[in-house]
S.K.: 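The structure is given below, and queries will be raised subsequently.
Bear in mind the structure is a predicted one, so any value in this text is a computation, not a measurement. So you know, we letter chains A, B, ... as the sequences are listed, proteins then strands, and number each from 1.
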There are 2 protein chains.
Amino acid sequence: MAETNARGSAPTIRDVAALAGVATSTVSRALSNPDRVNRATRERIEKVAAELNYVPSSQARGLSSGRTNAIALLVPDVTNPFYFDIIRGTQNQLKAAGYTQLLVDTEESAEMEADTLQKMQRTADGFILAASRLTDAQILEAASSQAIVTINRSSANAPTVVIDTPGAVVQALEHLTSLGHTRICYVGGPASSWSNAKRWKTFEDESRDRGLTTSRVGPFTPKTTSGAAAADAAARTGATACIVFNDLLAIGMLQRLRERGIRVPEDMSIVGCDDIFGADFCNPPLTTMASPIEQAGRVAVSMLLAQLDPLHAGSSRRLAVMPTHLTVRGSTGPVSPTS
Amino acid sequence: MAETNARGSAPTIRDVAALAGVATSTVSRALSNPDRVNRATRERIEKVAAELNYVPSSQARGLSSGRTNAIALLVPDVTNPFYFDIIRGTQNQLKAAGYTQLLVDTEESAEMEADTLQKMQRTADGFILAASRLTDAQILEAASSQAIVTINRSSANAPTVVIDTPGAVVQALEHLTSLGHTRICYVGGPASSWSNAKRWKTFEDESRDRGLTTSRVGPFTPKTTSGAAAADAAARTGATACIVFNDLLAIGMLQRLRERGIRVPEDMSIVGCDDIFGADFCNPPLTTMASPIEQAGRVAVSMLLAQLDPLHAGSSRRLAVMPTHLTVRGSTGPVSPTS
DNA sequence: CAACTTTTGGCAACCGCTTGCCGCACCATT
DNA sequence: AATGGTGCGGCAAGCGGTTGCCAAAAGTTG
């Protein structure tokens with residue numbers, strides 16, 4: 001396979017040009033703007049390029065065109081299965097559009113997020129911020145100089161895809177009350193999380209409307225390991241059901257409750273959020289507010305690419321709301337007469 | 001914040017040079033080769049750069065230096081939790097070294113893998129191939145022109161980090177025989193998987209040595225959804241215990257067995273492999289051959305970076321074997337007297 | 001057939017940064 | 001004072017493409 005030119009390095013556009021007997025500009029056009037050159041010429045160039053195994057350097061291309069054909073995805077924690085579904089969604093969609101995904105873990109830190117945004121401004125054509133920890137002002141500033149889409153972080157300052165957790169909370173409440181629960185506890189996630197605030201607010205408002213007795217524990221780190229503390233705290237409130245910030249935490253609670261002999265759902269019903277990998281096979285399977293996370297990632301990419309494309313810019317949607325639904329599994333049940 | 005120069009675009013090295021009253025070359029050196037310039041000059045330049053909010057373009061830098069400071073991670077399926085852990089490991093290590101990770105899903109296709117390797121040769125400084133589907137010859141060819149490290153795919157042609165599954169299989173067999181099992185079934189993964197072949201071979205050899213009755217079913221796609229077919233096939237063999245290609249498949253089997261009323265571990269013991277997220281909280285919790293997957297990712301990065309660094313090149317390790325151990329949980333138990 | 005358009009390809013100037021080479025200044029030797 | 005280092009900064013030639021502008025060739029039209 002002819003992989004190297006006379007100089008021993010990868011073939012460049014010049015090598016192709018020389019071999020095809022045309023100027024480099026013609027090669028460039030033949031490859032990226034086919035209509036601009038004569039068909040016969042183009043075919044000859046394509047043939048030579050194929051023979052030489054020529055691959056245009058995206059670096060060089062980016063230098064003159066100013067585009068990198070890469071977009072960065074910033075997630076607070078690659079460890080969290082929730083983000084894996086986003087990663088998967090964006091990855092798919094980006095690949096389909098011929099973009100490369102740059103994955104960055106911002107370690108739940110707003111500073112690191114801002115820093116990355118700054119450092120990579122030249123590296124990526126656009127950014128997708130999943131569950132951003134930035135302030136509205138920071139997002140505004142960032143969005144003024146680069147293409148940005150946020151996921152689960154509504155802000156008037158950048159196009160957003162939000163998952164309709166409020167809607168899901170209503171469904172969960174509906175479900176729990178229909179099972180006879182009246183004392184319900186909200187198990188909170190990170191204080192800096194926008195969606196946590198939203199979920200809590202909806203929970204509180206809706207519970208009040210229904211005359212339920214509510215309590216709240218937290219904040220907890222959204223990891224299974226925090227489940228023990230969360231379970232203990234929730235148990236102390238005397239609630240018969242919990243709506244938990246996310247599945248990770250809920251699964252952790254399940255384990256702790258079992259250890260303590262608190263039966264789920266007989267003694268305590270648990271509703272998680274997200275329907276992550278594992279929610280269907282934990283013990284008992286988790287009733288959860290299912291979010292189309294992967295789809296959210298895909299939509300975010302579409303919105304971002306639309307922003308990038310001068311044709312659509314401005315006309316594109318600024319907000320996408322992803323519908324949710326309650327997936328009922330084994331972790332919720334009727335309130336037991338004894339409790 | 002001064003983010004743009006007179007021309008309205010992001011500041012370049014020239015803007016900095018002009019403002020600092022030096023040549024661009026001096027700026028370049030001050031920033032990337034500090035010892036080469038006078039301290040006072042450097043500090044002045046640094047100050048101006050900070051003021052201007054200057055960020056060097058990695059594209060341009062790459063063009064002249066020939067390096068991109070990015071490495072690509074190719075995984076067969078981003079969906080699979082096993083790869084999550086690898087992604088996490090490489091991500092961490094790469095970030096620490098100042099590299100960017102390019103994540104690519106090759107969709108279990110050797111062709112796509114080869115294609116990516118080719119297309120990205122200019123985009124990445126090196127490649128990490130997780131569970132590569134390529135042939136030895138293809139790996140050899142790729143490794144001849146670019147830095148490559150493989151994970152779980154031993155081949156003399158590129159440095160590799162392998163997870164010692166054979167060792168784990170021995171431990172699993174030991175465990176099962178000590179529980180009284182004599183009829184054991186191996187539930188196979190993808191035919192194209194190198195580690196699957198390895199595991200099976202070890203299983204067979206070791207079982208023979210111990211005089212066990214073995215059977216084999218498969219190949220199955222390593223997904224929970226294939227668990228049903230796998231469980232049915234395994235049940236038919238009359239085995240009292242299964243060693244399963246990976247946890248995903250094992251978890252799927254667990255579900256199916258429960259549906260069918262086959263009790264785990266009373267009627268059937270199950271040993272998975274990898275100890276992925278979820279293995280500890282499925283029902284029953286899965287006994288599994290735990291692999292330090294994340295660490296494998298980290299080691300792979302170290303080996304790759306060593307390869308890239310002219311100082312270490314050649315002297316670096318070509319093979320790293322990650323130790324494994326059996327994690328015993330609820331899915332294995334003594335063979336029941338009735339079976 | 002002249003005049004005019006359109007198509008097609010080449011020239012050359014970048015894009016932003018790196019780096020080999022050169023030369024000036026300044027200091028230490030002899 | 002002449003000589004030789006050494007430190008430091010500038011010049012300019014790339015790296016591999018893209019693209020505006022121009023001119024030659026080919027096609028159209030009355």
S.K.: Checking contacts here: which listed nucleotide (D:dT18, D:dG9, C:dC17) is nearest the side-chain heavy atoms of B:Tyr54?
M.R.: C:dC17
S.K.: Output the residues of residues 25-33 of chain A in contact with DNA chain C, where contact means a heavy atom of the residue under 4.0 Å from an atom of the strand; sort by number or write none.
M.R.: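 Per residue number, the list reads A:Ser25, A:Thr26, A:Arg29.
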S.K.: Rounded to whole Å, please give me the gap between CG in B:Asp35 and C1' in D:dG7.
M.R.: 12 Å
S.K.: Would you sort out whether B:Asn157 and B:Glu141 count as a side chain to side chain donor-acceptor pair (under 3.5 Å), showing the intermediate values?
M.R.: CA-CA 9 Å; B:Asn157 302 326; B:Glu141 188 192 318; over 6 Å; no
S.K.: Rounded off to whole Å, could you give me the CG-to-P distance for the A:Asn38 and C:dT6 pair?
M.R.: 18 Å
S.K.: With no hydrogens and no angle check, is any side-chain donor or acceptor of A:Ser28 less than 3.5 Å from a backbone partner on A:Thr24?
M.R.: no
S.K.: Checking salt bridge (Lys or Arg N to Asp or Glu O under 4.0 Å) for the pair B:Arg133/B:Glu113: CA distance, chi angles, key distance, verdict?
M.R.: CA-CA 8 Å; B:Arg133 262 53 171 161; B:Glu113 204 175 326; over 6 Å; no
S.K.: Considering only NZ, NE, NH1 and NH2 on the basic side and carboxylate oxygens on the acidic side, decide whether A:Arg39 and A:Glu43 come within less than 4.0 Å.
M.R.: yes
S.K.: Within the 4.0 Å heavy-atom criterion, would you say A:Val16 contacts the bases, only the backbone, or no part of the nucleic acid?
M.R.: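 Contact class for A:Val16: none.
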S.K.: Is B:Arg88 salt-bridged to A:Asp77, going by a charged N under 4.0 Å from an acidic O?
M.R.: no
S.K.: Select one nucleotide: of D:dC22, D:dG9, C:dT18, the one nearest the side-chain heavy atoms of B:Thr41.
M.R.: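 Selected nucleotide (nearest to the side chain): D:dG9.
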S.K.: In terms of side-chain heavy atoms of B:Arg36, which of D:dG16, D:dG9, D:dC15 is nearest?
M.R.: D:dG9
S.K.: Go nucleotide by nucleotide along DNA chain D from the 5' end; which of B:Leu63 and B:Arg44 gets its closest nucleotide reached first?
M.R.: B:Arg44
S.K.: C:dG9 P sits how many Å from A:Arg42 CZ, rounded?
M.R.: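 My rounded result for the distance is 10 Å.
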S.K.: If I take atom CD1 in residue B:Ile13 and atom C1' in nucleotide D:dG14, what distance separates them, rounded to the nearest angstrom?
M.R.: 15 Å
S.K.: Hey, which of these two, B:Ala23 or A:Thr24, hits DNA chain D nearer its 5' end, going by closest nucleotide?
M.R.: B:Ala23
S.K.: For D:dG17, take OP1 and OP2 only and decide whether either is under 4.0 Å from a side-chain N or O of B:Arg122.
M.R.: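 Yes.
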S.K.: Using a heavy-atom cut-off of 4.0 Å across all strands, would you classify A:Ala60 as base, sugar-phosphate, or nothing?
M.R.: base
S.K.: Tell me which nucleotide among D:dG9, D:dG10, C:dT18 gets nearest to the side chain of B:Val37.
M.R.: D:dG9
S.K.: Taking N and O atoms by type only, does the side chain of B:Arg61 place a donor or acceptor under 3.5 Å from a partner on the base of C:dG16?
M.R.: no
S.K.: Between the side chains of A:Lys95 and B:Glu107, is the shortest nitrogen-to-carboxylate-oxygen separation below 4.0 Å, so that they form an ion pair?
M.R.: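 Judged by the 4.0 Å cut-off on N to carboxylate O distance, B:Glu107 and A:Lys95 do form a salt bridge.
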S.K.: Write down the distance between CZ (B:Arg14) and P (D:dC11), rounded to a whole number of angstrom.
M.R.: 13 Å
S.K.: Could you please spell out the steps behind the side chain to side chain contact (heavy atoms under 4.5 Å, CB included) verdict for A:Ile87 and A:Gln101?
M.R.: CA-CA 9 Å; A:Ile87 293 171; A:Gln101 169 168 124; 3.5 Å; yes
